[in-house]
Amino acid sequence: MKILLPLLTLFFFTFLFASAQQTCMTASSIKALDAQWEANNLNPDPEFFKSTLAENFIWVHNHASMIDTKEDVIKRTEIQAAKGTTNTRSRTQSEVKVEITGNTAIVTGFTVVDRGPTPTKYHFMRTYVEVDGKCLLIGNHTMAIPEGE
C-alpha cells in the first residue's frame with residue numbers, strides 16, 4: 001500500500017504532462033494547420049475539410065458577397081476533386097500571426113490568390129477552436145484588398 005500511492009501519483013502526473021504536451025493549440029500547430037487550409041484550397045481534398053471544419057463552420061467572403069458553410073465547402077471541393085482541377089493557379093500566405101487564448105486561436109495574415117488574369121490579395125482572419133484534443137476551423141473571413149493598397 002505504501003508503494004501504491006507514490007506510483008499512482010507518478011502515473012497521474014505523467015498522464016497530465018503527456019496530455020498537456022499533446023495539445024493542438026500551439027502557435028506552430030495552428031500555423032501548420034492553417035497552411036494545410038491554404039494547400040487544400042489549392043489542391044482540394046474533401047476529407048481534409050470534413051475532418052478540419054467544425055460542424056457550424058462559416059466562411060464570410062468579401063463584403064459578405066458569399067457565405068459558405070461546411071457543407072458548401074465540402075460540396076465545392078468534391079466537385080473540384082472529381083474534375084481534377086480548380087480555377088486557382090496559386091495561393092501564397094504572408095505575415096501570418098497567431099494569437100491564442102484558452103482553447104481558441106485567431107490567425108490573421110494575407111493570401112495572394114492567382115486565378116488570373118491578375119492575382120488578388122486578401123486579408124484573412126480565421127478562428128480555430130480545440131475540441132476534445134483536435135483543432136477545428138470554426139470561422140473564416142476573407143476580404144479582397146483593392147489594387148494599389
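Sequential numbering from 1 along the given sequence is applied to the chain's residues.
Cluster annotation: Val73 is connected to Phe48 through the hydrophobic network of ILVMFWY side chains, with a link wherever side-chain heavy atoms come within less than 4.5 Å. Phe57 and Tyr122 fall into different hydrophobic clusters, where Ile, Leu, Val, Met, Phe, Trp and Tyr are joined by side-chain heavy atoms under 4.5 Å apart, directly or via other members. Both Leu137 and Val96 are assigned to one and the same hydrophobic cluster, defined by single-linkage of ILVMFWY side chains at heavy-atom distances under 4.5 Å.
The distance between the ring centers of Trp37 and Phe49 falls below 6.0 angstrom.
Listed here is the closest heavy atom pair of Gly133 and Cys24: O-SG, 3.9 Å. Between Ile30 and Cys135 the shortest heavy-atom distance is CD1-SG, 3.7 Å. Of all non-hydrogen atoms in Ala27 and Ile100, the two that sit nearest each other are N-CD1, 3.5 Å. Heavy-atom minimum distance, Ala144 versus Asn62: N-OD1, 2.8 Å.
Note: Lys97 NZ to Thr108 OG1 = 6.0 Å, rounded to the nearest 0.5 Å. The line from CG of Asn40 to CZ of Arg91 is 10.5 Å long, rounded to the nearest 0.5 Å. Atom CD in Gln80 sits 7.0 Å away from atom CG in Asn87 (nearest 0.5 Å). To the nearest 0.5 Å, atoms NE2 (His141) and CE (Met125) are separated by 7.5 Å. Taken to the nearest 0.5 Å, the CD1 atom of Ile79 stands 12.5 Å off from the CD1 atom of Ile74. A distance of 11.5 Å separates NZ in Lys50 from CD in Glu71, rounded to the nearest 0.5 Å.
Inter-residue side-chain proximity for Val112 and Ser94 is flagged as unmet; no heavy-atom pair is nearer than 4.5 Å. Inter-residue side-chain proximity for Arg115 and Val113 is flagged as met; some heavy-atom pair is nearer than 4.5 Å.
The side-chain hydrogen bond (donor to acceptor under 3.5 Å, both in side chains) test with Trp59 is passed by exactly one of Asp68, Thr69, Thr142: Thr142. Put simply, the residue from Thr77, Thr85, Thr88 that forms a side chain to side chain contact (heavy atoms under 4.5 Å, CB included) with Pro44 is Thr77. Each of Val98, Val107, Thr26 was compared with Lys31 under the side chain to side chain contact (heavy atoms under 4.5 Å, CB included) criterion, and only Val98 meets it. Of the residues Asn103, Thr23, Thr104, the one that meets the side-chain hydrogen bond (donor to acceptor under 3.5 Å, both in side chains) test with Glu130 is Thr23.
Within a 6.0 Å sphere centred on CE of Met25, other residues, nucleotides and ligands contribute more than 12 heavy atoms.
Cation-pi contact between Arg126 and Phe124: present, with separation from the ring centre below 6.0 Å and deviation from the ring axis of at most 45°.
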**Prompt:** Could you walk me through whether Gln36 and Thr52 pass the side-chain hydrogen bond (donor to acceptor under 3.5 Å, both in side chains) check?
**Reply:** CA-CA 10 Å; Gln36 289 177 343; Thr52 305; 5.7 Å; no
**Request:** Tell me, with the steps shown, if Glu147 and Thr118 meet side chain to side chain contact (heavy atoms under 4.5 Å, CB included).
**Result:** CA-CA 10 Å; Glu147 285 188 46; Thr118 59; 3.9 Å; yes
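In this structure, Lys75 does not pair ionically with Glu78, as no charged nitrogen and carboxylate oxygen lie closer than 4.0 Å.
Using a distance-only test at 3.5 Å, with no hydrogens or angles considered, no donor-acceptor pair links the side chain of Lys70 to the main chain of Asn56.
Remark: the Tyr128 side chain and the Asp34 side chain contain an N/O donor-acceptor pair separated by less than 3.5 Å.
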